[in-house]
Amino acid sequence: MRLKNLLLLILFFTTSSLFAQRTITNRVCDTIPYEIIGEKLIIPFKVNEKEYKAIYDSGGQNGFICSAAVEMKARTKGGVRHVGGYGTGGMSFQEAVVDDVVFGGNYVLKTMDVMIFPDMAVMKSLGVVGIVTGQAFYNAVVTIDSKNKILVINSPYRPEKLKATDGIKLELSSVMQPKFDINISGVKQQILFDTGAHGFICLSKEFIEQHKDKIEILETGYGIDKIGIDGLPKPMDLPKVKIESLDFAEKIQKH
């Protein structure tokens with residue numbers, strides 16, 4: 001989702017228990033500044049008093065490149081995790097644990113489960129050491145404030161004056177990837193909220209073909225639209241489309 005078009009978005013991650021100190025009376029645990037580089041949302045964090053940067057990717061899974069994990073004194077768990085990809089079809093990565101990961105000043109993860117990635121050039125080009133996802137903010141409310149370019153972390157409860165009924169019901173995967181229902185040109189569809197993706201909304205080729213009576217194809221290019229951890233996908237036709245409406249949270253956006 002293109003964050004410059006996003007004034008305020010609140011995500012709820014509410015599973016396993018986590019305690020983070022709160023120093024502000026309105027329950028705000030902390031704020032984390034972010035920057036946008038190459039359409040990626042980049043946030044700082046600390047391990048062992050050293051500051052690092054990572055991509056905040058709500059649709060991904062926690063992981064750090066090998067050299068950074070060694071520097072952080074990551075402890076291996078003895079297992080591997082398979083991740084689907086766009087290039088070779090997926091890869092398996094070693095699982096590890098990093099201790100005392102600090103976001104902002106007060107939001108502390110005593111342990112953080114991560115995957116160990118190879119030292120990838122794409123990470124180094126962005127000045128980051130890996131990916132931080134919703135797994136890091138479970139049992140917390142993350143507010144993306146694009147006006148002030150900060151993440152506001154409320155833990156362990158939602159912000160004051162915000163009712164549970166004010167939000168959108170999310171379906172969370174086992175790795176905390178948030179999905180919710182929207183209506184695209186009158187068609188109900190579940191989508192993944194993915195801060196690591198390009199553009200405002202990405203539609204599958206199958207969805208466009210199935211509902212071509214409701215979606216206008218403006219032009220078509222040829223190439224790739226994403227890069228996976230496992231490499232590049234095969235080039236394909238990439239249509240640019242116009243949809244009649246986008247409806248979620250009882251609000252309709254005309255396009």
Side-chain angles (χ1 to χ4, degrees), residues 1-15 36 38-41 55-61 82-91 122 131 133-135 137 141-144 146 164-255:
M1 182 175 288
R2 193 179 300 277
L3 294 172
K4 69 181 182 182
N5 294 328
L6 186 66
L7 295 179
L8 193 64
L9 183 64
I10 297 176
L11 298 178
F12 292 86
F13 298 106
T14 54
T15 55
I36 302 295
E39 292 196 355
K40 302 299 182 184
L41 195 159
I55 299 169
Y56 175 52
D57 183 359
S58 61
Q61 298 184 47
H82 185 80
V83 178
Y86 305 118
T88 62
M91 292 183 69
V122 65
I131 297 171
T133 72
Q135 294 170 299
F137 300 108
V141 179
V142 179
T143 304
I144 303 176
S146 63
T165 54
D166 291 336
I168 303 172
K169 184 178 179 181
L170 298 180
E171 178 181 316
L172 301 176
S173 71
S174 59
V175 290
M176 303 304 295
Q177 295 168 326
K179 301 177 182 180
F180 61 94
D181 292 333
I182 65 172
N183 282 292
I184 303 172
S185 297
V187 179
K188 186 176 180 180
Q189 179 71 20
Q190 187 180 73
I191 66 169
L192 170 69
F193 178 77
D194 188 356
T195 57
H198 289 283
F200 179 69
I201 185 170
C202 300
L203 303 176
S204 69
K205 183 178 179 180
E206 292 75 19
F207 182 86
I208 294 172
E209 179 64 26
Q210 186 177 357
H211 303 288
K212 56 186 177 182
D213 58 323
K214 300 177 181 294
I215 299 175
E216 179 184 354
I217 297 178
L218 301 177
E219 55 185 314
T220 301
Y222 184 77
I224 60 173
D225 63 345
K226 58 181 72 72
I227 299 176
I229 293 174
D230 61 331
L232 301 175
K234 294 181 179 180
M236 65 179 70
D237 290 331
L238 300 172
K240 180 180 179 180
V241 303
K242 179 180 179 180
I243 58 177
E244 296 175 358
S245 64
L246 179 66
D247 178 6
F248 70 99
E250 300 181 352
K251 294 183 179 180
I252 297 178
Q253 301 286 336
K254 294 291 185 181
H255 295 269

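Predicted, not measured: the structure shown is a model, and the values here were computed from it.
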*Taking it one step at a time, do Thr195 and Ile144 satisfy side-chain contact (heavy atoms from CB on, under 4.5 Å)?*
CA-CA 10 Å; Thr195 57; Ile144 303 176; 4.1 Å; yes

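- Heavy-atom minimum distance, Gly186 versus Ser245: N-OG, 4.3 Å.
- Between Phe137 and Tyr56, the ring-plane angle classifies as perpendicular under the 30° and 60° cut-offs.
- Listed here is the closest heavy atom pair of Ser185 and Glu244: OG-N, 2.9 Å.
- When all heavy atoms are compared, the tightest approach of Asp194 to Gly59 is OD1-N, 3.4 Å.
- Residue Asp213 holds its CG atom at 8.0 Å from NE2 of His211, rounded to the nearest 0.5 Å.
- Contact check for Ile191 versus Leu203: no side-chain heavy atoms found under the 4.5 Å cut-off.
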*Apply side-chain contact (heavy atoms from CB on, under 4.5 Å) to Ile182 and Leu246, showing your working.*
CA-CA 7 Å; Ile182 65 172; Leu246 179 66; 3.4 Å; yes

*Any chance you could lay out the side-chain contact (heavy atoms from CB on, under 4.5 Å) test for Ile184 and Ile201, step after step, and finish with the verdict?*
CA-CA 10 Å; Ile184 303 172; Ile201 185 170; 4.1 Å; yes

*Please report the C-alpha distance between Phe193 and Lys179 in whole Å, then the side-chain angles of each, then the deciding distance to 0.1 Å, and finally whether the side-chain contact (heavy atoms from CB on, under 4.5 Å) criterion is met.*
CA-CA 6 Å; Phe193 178 77; Lys179 301 177 182 180; over 6 Å; no

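- In this structure the side chain of Gln190 never reaches within 4.5 angstrom of the side chain of Phe180, judged on heavy atoms.
- Put simply, CG on Asp181 and NZ on Lys188 are 4.5 Å apart, with the number rounded to the nearest 0.5 Å.
- Side-chain contact between Lys214 and Val187: present, with at least one pair of heavy atoms (C-beta onward) separated by less than 4.5 Å.
- Remark: Ile215 CD1 to Lys242 NZ distance equals 13.0 Å, nearest 0.5 Å.
- Using modelled atom types, no side-chain atom of Thr133 and backbone atom of Ser58 make a donor-acceptor pair closer than 3.5 Å.
- Inter-residue side-chain proximity for Leu192 and Gln177 is flagged as met; some heavy-atom pair is nearer than 4.5 Å.
- Atom CD1 of residue Ile208 and atom CD of residue Glu216 lie 12.5 Å apart, to the nearest 0.5 angstrom.
- Gln61 and Ile131 get closest at one heavy-atom pair: O-CG2, 3.8 Å.
- Minimum interatomic distance between Leu41 and Ile36 (heavy atoms only, all atoms of both residues): CA-CD1, 3.9 Å.
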